[in-house]
Structures are given as structure tokens and as C-alpha cells.
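Below you'll find the structure, written out as C-alpha cells, and then a few comments.
The chains referred to below are lettered A, B, ... by the order of the sequence lines, with proteins before strands, and numbering in each begins at 1.
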Amino acid sequence: MTNILIVAEHQGGLLKKTALELATKAASLGGEVEVALVGNNLTKVDKELGAYGVKKVFLLSNPNLERYNTEGFAKVLTELIQERKSGIVLGAASPLGLDLFPRLAARLKVGLATDCTELRIDGGQLVATRPLYAGKVIADVIFSGTIQLATTRPNSFAIKETTPGSKAEVIVKQVDPGSLRAVMKDQVKGKSEKPDLTEAEIIISGGRAMGNAENFKVLNELAEVLGATVGASRAAVDSGYAPHDMQVGQTGKTVNPKLYIACGISGAIQHLAGMRTSKVIVAINKDPEAPLFSKADYGIVDDLFKVVPALTQEFKKVLSET
Amino acid sequence: MKIGVLLKQVPDTETKIRIRSDSKGIETDGIKYILNPYDEFAVEEALKVKEKVAGSEVVIFSMGPARVVEAIRTALAMGADRGIHVEDTGLVSDSYIAATVLANTVRQENLNLLLCGKKAIDDDASQVVAMVAEFLNWPQVNIIEKLELNPDGQGAVVHRRVGGGTQEVYDVGFPCVLSCEKGLNSPRYASLPGIMKAKTKPLAVLKATDLVGDNKIKTEFVNWRLPPERKAGKIIQGETVEAKAKELVRLLREEAKVL
Ligand SMILES: Cc1cc2nc3c(=O)[nH]c(=O)nc-3n(C[C@H](O)[C@H](O)[C@H](O)COP(=O)(O)OP(=O)(O)OC[C@H]3O[C@@H](n4cnc5c(N)ncnc54)[C@H](O)[C@@H]3O)c2cc1C
Ligand SMILES: Nc1ncnc2c1ncn2[C@@H]1O[C@H](COP(=O)(O)O)[C@@H](O)[C@H]1O
């Protein structure tokens, strides 16, 4: 089996959950699993990955890599991939991964599968499963060539300590990102402290039925109790009730949570496109004919402005008991 | 300024997709095609830049079969100046090959700026933009929702959307490749005079097989299938809203075990 390299993302000194997901998955594929972190001052990042089956962690460090840069990251990772002779390179289908991986693939002159939901090995080669046509079709991607790249949709794989107590070897490398052309000069933080929709485990979304921006308060209260992130349908976004960053669907975000609670959302095909891979879907709608009920695991036919506060109360009660 | 736009024609989002019997693609008869929605933002942004910088030209590039001429004409009707149709009959393609051919086409035009969509909603690949940028050896910024030209016209400040409402602000010089996100602008409709004018605007046709060199595909999609159908689940019954809420919470914890 070949070496697998995972490009791990980190934020505020912590590894992102997607890195642990990928490590767990990669370990199950067989072969040596190695991880690369790119940035500056990386020794401060909490990077205990040995328990997830990772053998080596490479810290690719340079002051000019403090902030993400497509070309800088592509250059130092290309060098590492060539040095390590990695046969498979994996990352998250996150804003960073979606930007970086195709650049990396083109530089290495190899193939890439984007936004995959499953990975397996067949005859020593990677087979990546991914949705296309907004999830209306599933297909397998097979590769020609010696290096195979894939990004995977967050929350696709379970996180499990397969080798508890093991330590990964940490190798610090001072790297040269070359001259950088498109340079990030600032980062404007969003208001939300919550995980981004694409990474959230629980999502509560509101549709046109919300009626105005203030009414999202009832969803925020439930989200607070559940540690959930709030989303919206396009109708809610286009009506100005929620910013576009909250939109779930074909022209919004593709999400993959454990639990998706849709409140006052009819279930148009373009909304489904963004959330159909959710593990459990709950629909709350006062119209029993709403199409989403035919795709939901659980449905409540009633006024969301009554149901959601009742849910908030009930969750508060049971979660305080456990 | 000379601004290029990569424009893909894709099936309408409402299209019911049917898989071919050989499991290697979809049935294409009866499909209604539209401009890739993100590419419409790219066309609009190109037109806005043109309006700001006197003497600019907007060139539309689209690769695909004969039908994509329709998409190019739509962009010309919106106000673009000319089109290049890269006819792809006989081309064995994936994102890598599409990017190779498009980069080789763009290279002939001496552009200052290339605008694209953040992804094509058919293959949902989000690959072509960064690959084209790499092949051209130009910088890229993906998923932009704001573009401000520098006063000297040699570059721009762009805002790239990342997770959680956060934006990254980039300084980028021309030439560069930018991909557009919803929210960047509201695409204009083609006016009737625009549609008339579009009919006489220049539209060149090139052959993809002449532009691919000896490059070969790197990936192949096999075993196309429909996703497992989601079945309708339980409608929760109860006398009161409180009773329904209580039952849902119980089911989520005990049956679905997600909490
Ligand atoms: C190219 C294209 C791209 C698109 N992309 C997206 C996308 O990314 N995301 C997206 O969501 N849509 C998208 N759409 C739009 C999509 O087709 C639908 O129009 C949209 O999803 C409808 O949003 P909605 O369900 O909130 O509104 P509606 O369809 O109006 O549904 C509102 C629902 O609320 C229910 N309701 C009303 N009051 C209450 C109440 N008090 N309590 C409970 N229920 C109530 C109603 O019964 C109804 O079912 C796209 C469309 C196109 C053409
Ligand atoms: N065949 C094509 N012709 C012109 N532009 C394309 C083509 N394929 C992709 N693009 C451009 O690349 C972007 C990303 O496409 P993709 O990588 O397929 O998701 C699209 O939004 C278009 O701007």
C-alpha cells in the first residue's frame, strides 16, 4: 500500500475536526498515514494524531504562511508530496480544500475528486464516491496516474481512536513558499461563533415562513440549547430575513449534519440538493402536503412558531437531566 | 482592459436526471439548458468592470457541443463583446482536460482578467478555475463576493467568502483568475435591443481537439447511479404541540440516537 498524506486544517491552535475524520478514514484504508500542517508557529498547535493511526506529522512552517495562500500552500505541499512519494493526498472539501486541491492537482499533473462522501481502495487504487448534479446522481471516481487526490465532505466519516496511546512522530520543516501574488491582507470575522454550516453536526433552518429577520430568534434559541448552527432557505435569504452565508441548497451551502431540522421550508429540489445527505431530517410545516415530509425521517404538522419554542423547552428539560 | 469569462452551459436545476443504461453518464435528450448560475455572476461582473474602465472588451469562452452557442449568445445579449466557442466533439474530457483546453484558448487572447463561476452545477467539481490559473501561471482568488478595482487599474482588492460569515480580503495584481459567488452582483437581463445586437456580434469556433496537445484524462466517473431514495418517515401525532415536541425529542434520542 502507498503512503497517504492528509492536509490537516487548524484554527486557533486546534486541529479541525475534519483532520481527525480523515485520519480515521485513512487509517482504515491501510498504508502509512502521514499528516501535513501548513502555517507559522505550528509547534503550538495541539496535534495529537497518533491515536487515530497517524505515523508522522509534518509541520511546514514559514512566517509568510501565517495566513492561507493558494500558491504558497501548493508549493510547499507539492515538495512534501514528492519527497514522501505520497500516493494518495486527502483534504476536506472546505473553503480552503476546495481552493487548494485543484491548484495542487494541476501542479502535480494528476487527478482530483472533489467533495467525496466515501473512499475505498480497490486493487491498490483509490475509488472515491461523490455526488454530482446537486446530489441527484452518485458516481465513483477512478484515477489514472500515481498520485490520487481527493477532498471529502465534512461529517462523512466517524472519528475513532484506533490506536489509543500511540504517538505520531512530529517533524518540523522550515519551508519556502516562494513569492506570493494573491495575498490575504485582512480577515473580516463573521458574527457567528458557531461551527460553519458545512461542518455543523446539527442544523436548524428557517424558510419563507419565518416572515422576518427578528423571528429567527426562535430558531437561535433552540440552536443555543443544542449547540446547533442556524441555516435558511433561499426564499428566506432572498426576502432579506437571513444573510446569504446561511443559505442551504444548490446555490448555497451543501451541508451534511447528523440532524437537520427544517422549519417552514417546503422542500424544493434546490433546497434538498444542499441537505439530502443529512443523517436525520426533521420537517416542521403547517401544510401536511409539503414535499419535504416525503423525505424527512420525522415530521410535525403544525405552526413552527408553536413547535420550535416547545422543542426548546423539552430539550432544555431532557438535556439538563442527562 | 480585456476581460474573459469562462461560461458553461448546464442542465436546468429542475431537470429530472435519468442515468444512461451503461451507467456512464446521464440521458441528455429532453434536457433544458441554462447558463451556469455562478457564471452569470461572472458575466455581470465583467460587464461592470467594462463600464468602469473605458475601452474594455469582454470575451466569452465556452467549451461544449453546438448547443453552447445559445449560452454564448445570451451573454452577448447581456452586453459581452464577442464569443469563442470551443467545440468539443471527440474530446475525452475530465476537469483536468477541460482546464487544459480552456487555458490554451485563453492564452491566445492576452487577457488582463479572467472571471469564472465558483463551480459548475452539473459536475459540481470546483476544479477548472484553479487548474486554469495554474496552467496559465496566474494567481487566483476563489469564491469572491466583492471586487474593487485599484485606481491604477493594475489589480484589485477582492473579498473571498470562507466559512461562518468570515471573509478573507486579498490584494491581487492582473492578470489573475477570479471565481464568483452568489451575492457578488445581480445579473442583468438581456434587453430586446441587446438580443438583436447579439446576433451580429463576432463568435469564433475553435476545435478542442486542436488545443489539448497530448494530454490525457486523469480521472473517470464510473458506476453512475441514483442516490438511495429517502423514504417518508413518521408524522408525529399528539393532542398538543407540547406532546408532539416531547415525542419528537424522545424519538431523536431513543430511535434515531442523534442526541
Ligand atoms: C437556480 C435556482 C437555485 C436555487 N437555489 C436554492 C438554494 O440554494 N436553496 C434553497 O433553499 N432554494 C433554492 N432555490 C429556490 C427553491 O426553488 C425554492 O423556491 C425555495 O427553496 C423555497 O423556500 P421555502 O421552502 O423557504 O419557501 P416556500 O416554498 O414558500 O415554503 C414555505 C413553507 O412554509 C410553510 N409555512 C408557512 N407558515 C408556516 C408556519 N407558521 N409554520 C410552519 N410552516 C409554515 C408553508 O406551508 C410552506 O411549505 C433555487 C431556485 C433556483 C431556480
Ligand atoms: N466547458 C466549460 N466551458 C467554459 N467554462 C467552463 C467549462 N467548464 C467549467 N468552466 C468554468 O469553470 C467553473 C468551474 O467549473 P467546475 O470546475 O466544473 O465546477 C465554471 O463555473 C465555469 O466558469
Side-chain angles (χ1 to χ4, degrees), chain A residues 70-71 95 98-99 102-103 106-107 110-115 132-145 181-192 196 198 244-245 250-251 258-259 269-270 279-280 293-302 306-307 310-311 314-315 318, chain B residues 13-14 17 19 26 37 94 96 99 121-127 130-131 133-135 139-143 161-173 176 182-183 218-227 230 232-236 241-242 244-246 248-249 251-253 256 258:
Chain A
T70 315
E71 290 183 80
L98 288 172
D99 182 74
R103 187 100 196 190
R107 189 160 294 198
V110 303
L112 163 67
T114 324
D115 202 20
L132 46 165
Y133 292 91
K136 292 183 214 169
V137 177
I138 308 282
D140 294 334
V141 181
I142 54 173
F143 298 79
S144 56
R181 296 185 288 184
V183 178
M184 198 198 308
K185 58 170 191 180
D186 202 2
Q187 206 173 24
V188 188
K189 283 263 178 279
K191 291 179 284 289
S192 167
D196 186 56
T198 56
H244 177 252
D245 203 57
Q250 175 137 29
T251 43
K258 276 196 313 201
L259 175 60
I269 181 97
Q270 297 91 353
K279 292 194 187 60
V280 175
F293 282 125
S294 69
K295 308 282 176 200
D297 300 277
Y298 301 108
I300 294 185
V301 182
D302 216 319
K306 296 189 186 127
V307 178
L311 276 175
E314 182 63 19
F315 274 121
V318 299
Chain B
T13 52
E14 305 274 355
I17 300 286
I19 309 238
I26 60 164
D94 64 353
Y96 187 93
I121 61 159
D122 49 1
D123 58 26
D124 286 332
S126 310
Q127 294 196 16
M131 287 182 169
E134 173 68 16
F135 294 144
Q140 75 190 52
V141 185
N142 265 315
I143 321 189
R161 176 176 290 158
V162 290
T166 301
Q167 287 188 339
E168 297 174 347
V169 186
Y170 286 81
D171 256 332
V172 59
C176 68
K182 188 181 177 224
K218 309 287 183 189
T219 55
E220 203 178 330
F221 285 96
V222 295
N223 191 15
W224 292 53
R225 54 203 188 264
L226 295 175
R230 282 198 90 101
K234 280 184 197 154
I235 296 291
I236 291 164
V241 171
E242 286 72 25
K244 290 180 192 172
K246 195 173 161 103
L248 174 62
V249 171
L251 288 167
L252 289 175
R253 287 162 58 87
V258 284

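Both the backbone and the side chain of Asp99(A) have a heavy atom closer than 4.5 Å to some heavy atom of chain B. Both the backbone and the side chain of Gln187(A) come within contact range of chain B, with heavy atoms under 4.5 Å apart. Contact of Thr70(A) with chain B is made through the side chain alone, with heavy-atom distances under 4.5 Å. Heavy atoms of Val110(A) lying under 4.5 Å from chain B belong exclusively to its backbone.
Of the residues considered (Glu314(A), Lys189(A), Arg181(A)), Arg181(A) shows the highest number of contacts with chain B, using heavy-atom pairs under 4.5 Å. The most heavy-atom pairs under 4.5 Å with chain B, out of Val280(A), Leu259(A), Val188(A), come from Val188(A). Comparing Leu226(B), Asn223(B), Ile143(B) by heavy-atom pairs within less than 4.5 Å of chain A, the highest count is held by Asn223(B). Heavy-atom pairs under 4.5 Å with chain B peak, among Lys258(A), Lys185(A), Glu71(A), at Lys185(A). Contact tally against chain B (heavy-atom pairs below 4.5 Å) for Leu132(A), Asp140(A), Asp196(A): the top residue is Asp140(A). Taking chain A as the reference chain and counting heavy-atom pairs below 4.5 Å, the highest number among Met131(B), Glu242(B), Gln127(B) is found for Gln127(B). Counting heavy-atom pairs closer than 4.5 Å to chain A, the top-ranked of the candidates Gly173(B), Pro139(B), Gly233(B), Gly163(B) is Pro139(B). Considering only heavy-atom pairs separated by less than 4.5 Å from chain A, the leading option among Val172(B), Asp123(B), Val241(B) is Val241(B). Interface summary for chain A: among Ala256(B), Pro37(B), Gly183(B), the most heavy-atom pairs under 4.5 angstrom belong to Ala256(B). When Val258(B), Asp122(B), Ile235(B) are compared by the number of non-hydrogen pairs under 4.5 Å with chain A, Asp122(B) comes out ahead.
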Requested in this report: Would you check, one step at a time, whether the test side chain to side chain donor-acceptor pair (under 3.5 Å) holds for Thr13(B) with Gln270(A)?
Outcome: CA-CA 7 Å; Thr13(B) 52; Gln270(A) 297 91 353; 3.1 Å; yes

Requested in this report: Decide salt bridge (charged side-chain N to carboxylate O under 4.0 Å, His left out) for Asp94(B) and Lys218(B); before the verdict, give the C-alpha distance in whole Å, the side-chain angles of both, and the deciding distance to 0.1 Å.
Outcome: CA-CA 7 Å; Asp94(B) 64 353; Lys218(B) 309 287 183 189; over 6 Å; no

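Lys279(A) and Asp297(A) are not joined by a salt bridge, as no carboxylate oxygen comes within less than 4.0 angstrom of a charged side-chain nitrogen. A salt bridge links Lys244(B) with Asp302(A): the closest approach of a Lys/Arg side-chain nitrogen to an acidic carboxylate oxygen falls below 4.0 angstrom.
With Ser126(B) contributing its side chain and Leu98(A) its backbone, the two residues share no donor-acceptor pair below 3.5 Å.
Interatomic distance, NZ of Lys182(B) versus CG of Asp245(A), reported as 11.5 Å (0.5 Å rounding). The CD1 atom of Ile269(A) sits 5.0 Å away from atom NZ of Lys136(A), with the distance rounded to the nearest 0.5 Å.
When the side chain to side chain donor-acceptor pair (under 3.5 Å) test is applied to Lys295(A), the partners found at least two apart in sequence or on another chain are Glu229(B). Residues satisfying the ring pair (Phe, Tyr, Trp, His ring centres under 6.0 Å) criterion with Phe135(B), sequence neighbours excluded, are Tyr96(B).
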